Amino acid sequence: MADGNRFFPAPRLILAALMAGALAGAVAVYVSESRSGNNAPAQAAVGDSKDDVACAAKSDRAKKVAASATGEVAALLPADPPQSLKSLAFNGPDGKPMTLADHTGKTVLLNLWATWCAPCRAEMPALDALQKEKGSDAFQVVAVNVDAGDDVKPKKFLADTGVATLGYYRDSTMALFNDLKTRGLALGLPVTMLIDGEGCLIAHMNGPAEWSGPDARRLVEAALKPESL
C-alpha cells in the first residue's frame, strides 16, 4: 500500500479501537500497528443445513490454506469450522440485490469497508491492486461498502484513493455486517473473509492487512490449488 505505513507502523499490539456511532449500535473501527489485525470472537454455532454440513467437512482444507497466511496477512484465521456464506446479501455493481451464491465457482476475498474507517483508506487501494493482479474467472475481490445513505461519499472515496478495478458493491442497511456479527465473524471494520467456490468460509480476519504484497498473492495461490493437493 502506498501509504499503508501511516496506519501500520512499528510492531506493537492494537493501538486503539475507534467507535463510530449511530450505525446499528456503533461499529468499532480497528487500527493495528503490527499489521496483525484483530482476532474475531468465537464463531457462532454452524447450522445443520446441507450446505453447512458440506462446508464443515472442509476443516482440514481451511487449516491448510490458513497456514499459508504468513507475514503481512498472518492474522487470517482458519474457519473453525467452515460454514456456508452463500446467503450473504448485498447489492451488486448494477445496484440490484444479489447474494454470495452469485459468485459460485469463484474463490472470493470478501471485504467490508466504509468511508469513515481510517484503515480502509490504506487497505482499499491494496485490495484494488490484488484484484488487478490476481482477479480472474477463478478469483475475485468483492469489497462491499457499508456506509449509510446514498452513493456519493463512497464513490468519492474510491476516486480519491485511486481505486479503479474493484466492483462497486453496497449494503447501506448494515444487515450484512450484522449478519456476520451474529455469526461471530465481525468485530468491526475492516473485516475480510476468504470463501471458496462453493460458498464455504475458509478463513477470516478482523482488521487491516497488506493485500497488495507477496504474502497476499501466495495466500490466493494456495486457496486456488485443488483440494486434493
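Everything numeric here is computed off the predicted structure, so don't read it as measured data.
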>> Between Lys134 and Gln140, is there a side-chain heavy-atom distance shorter than 4.5 Å?
In response: no
>> Applying ring pair (Phe, Tyr, Trp, His ring centres under 6.0 Å), can you list everything that pairs with Phe157, at least two apart in sequence or on another chain?
In response: Trp113
> For Phe177 and Ala186, which heavy atoms make the closest approach, and how far apart are they?
Replying inline: CE1-CB, 3.8 Å
> If you measure from CG on Leu194 to CG on Leu219, what distance do you get to the nearest 0.5 Å?
Replying inline: 5.5 Å
Distance-only donor-acceptor pairs under 3.5 Å for side chains of residues 87-97, two or more places apart:
{"residue": "Ser87", "atom": "OG", "partner": "Arg183", "partner atom": "NH2", "Å": "3.4"}
{"residue": "Asp94", "atom": "OD1", "partner": "Lys96", "partner atom": "N", "Å": "2.9"}

>> Any heavy-atom pair between the side chains of Thr173 and Val146 that's under 4.5 Å?
In response: no
> Can you tell if the side chain of His103 reaches within under 4.5 Å of the side chain of Met98, non-hydrogen atoms only?
Replying inline: yes
> Pick from Lys58, Lys106, Lys86: which one makes a salt bridge (charged side-chain N to carboxylate O under 4.0 Å, His left out) with Glu198?
Replying inline: Lys58
>> Once ring-ring contact (aromatic ring centres under 6.0 Å, His included) is applied, what residue pairs with a partner in residues 49-87 remain, sequence neighbours excluded?
In response: none
> Is Cys55 close to Pro81 at the side-chain level, that is, under 4.5 Å between some pair of heavy atoms?
Replying inline: no
>> I'd like to check the side-chain hydrogen bond (donor to acceptor under 3.5 Å, both in side chains) partners of Asp160; sequence neighbours left out, ordered by chain and number.
In response: Lys156
>> Apply side-chain contact (heavy atoms from CB on, under 4.5 Å) to residues Trp211 and Val220 and explain how you reach the verdict.
In response: CA-CA 10 Å; Trp211 294 108; Val220 171; over 6 Å; no
>> For the residue pair Thr182 / Asp179, report whether a side-chain donor-acceptor contact shorter than 3.5 Å exists.
In response: no
>> Let me confirm one number: the CE-CG distance from Met193 to Leu112, rounded to the nearest 0.5 Å.
In response: 5.5 Å
> Where the side chain of Arg217 meets the backbone of Ser212, is there a donor-acceptor pair that is under 3.5 Å apart?
Replying inline: yes
>> What's the separation between atom CG in Leu127 and atom CE in Met124, rounded to the nearest 0.5 Å?
In response: 6.0 Å
> So, for Asn145 and Pro154, which heavy atoms are closest and what is the spacing to 0.1 Å?
Replying inline: OD1-CG, 3.3 Å
>> Tell me every residue that passes side-chain hydrogen bond (donor to acceptor under 3.5 Å, both in side chains) with Lys132, counting only those two or more places apart in sequence or in another chain.
In response: none
> To the nearest 0.5 Å, how far apart are CG in Leu76 and CG in Asp215?
Replying inline: 11.5 Å
> So, do Ser84 and Cys200 sit near enough that their side-chain heavy atoms are less than 4.5 Å apart?
Replying inline: no
>> Go through it in stages, so that I can follow the logic: the residues are Thr107 and Ile195, the test is side-chain contact (heavy atoms from CB on, under 4.5 Å), and I'd like the CA-CA distance, side-chain angles, deciding distance and then a yes or no.
In response: CA-CA 6 Å; Thr107 294; Ile195 301 158; over 6 Å; no
> Any sub-3.5 Å donor-acceptor pair from Gln131's side-chain atoms to Val141's backbone N or O?
Replying inline: yes
> What closest approach, in Å, do Ala126 and Glu210 show between heavy atoms, and which atom pair accounts for it?
Replying inline: CB-OE1, 3.6 Å
> How far apart are the C-alpha atoms of Val142 and Leu109, what are their side-chain angles, what is the distance that settles it, and do they pass the side-chain contact (heavy atoms from CB on, under 4.5 Å) test?
Replying inline: CA-CA 6 Å; Val142 176; Leu109 190 71; over 6 Å; no
> Between Arg218 and Gly213, is there a donor-acceptor pair closer than 3.5 Å when you use the side chain of the first and the backbone of the second?
Replying inline: no
> Looking at CD of Glu133 and CG of Asp128, how far apart are the two atoms once the value is rounded to the nearest 0.5 Å?
Replying inline: 12.0 Å
>> When you compare the side chains of Ser49 and Asp51, does any donor N or O come within less than 3.5 Å of an acceptor on the partner?
In response: no
> What pair of heavy atoms forms the shortest contact from Pro78 to Ala62, and how long is it?
Replying inline: CB-O, 3.7 Å
> In chain order, what residues pass the side chain to side chain contact (heavy atoms under 4.5 Å, CB included) check against Ser172, with sequence neighbours excluded?
Replying inline: Arg170
> Can you name the closest pair of heavy atoms from Pro208 and Glu123 and give their distance?
Replying inline: CA-OE2, 3.3 Å
> Should Pro82 and Ser59 count as side-chain neighbours, where that means a heavy-atom distance under 4.5 Å?
Replying inline: yes
> Do Asp147 and Thr115 get their side chains close enough for a donor-acceptor pair, meaning under 3.5 Å?
Replying inline: yes
>> Contact between Leu185 and Val191 at the side-chain level, heavy atoms closer than 4.5 Å - yes or no?
In response: no
> Given side chains that start at C-beta, do those of Thr161 and Pro125 come closer than 4.5 Å, heavy atoms only?
Replying inline: yes
> What pair of heavy atoms forms the shortest contact from Asp171 to Leu176, and how long is it?
Replying inline: OD2-N, 2.9 Å
>> Quick one, Val144 with Asn111, criterion side-chain contact (heavy atoms from CB on, under 4.5 Å). Give me CA distance, side-chain angles, the key distance, then yes/no.
In response: CA-CA 6 Å; Val144 184; Asn111 176 273; over 6 Å; no
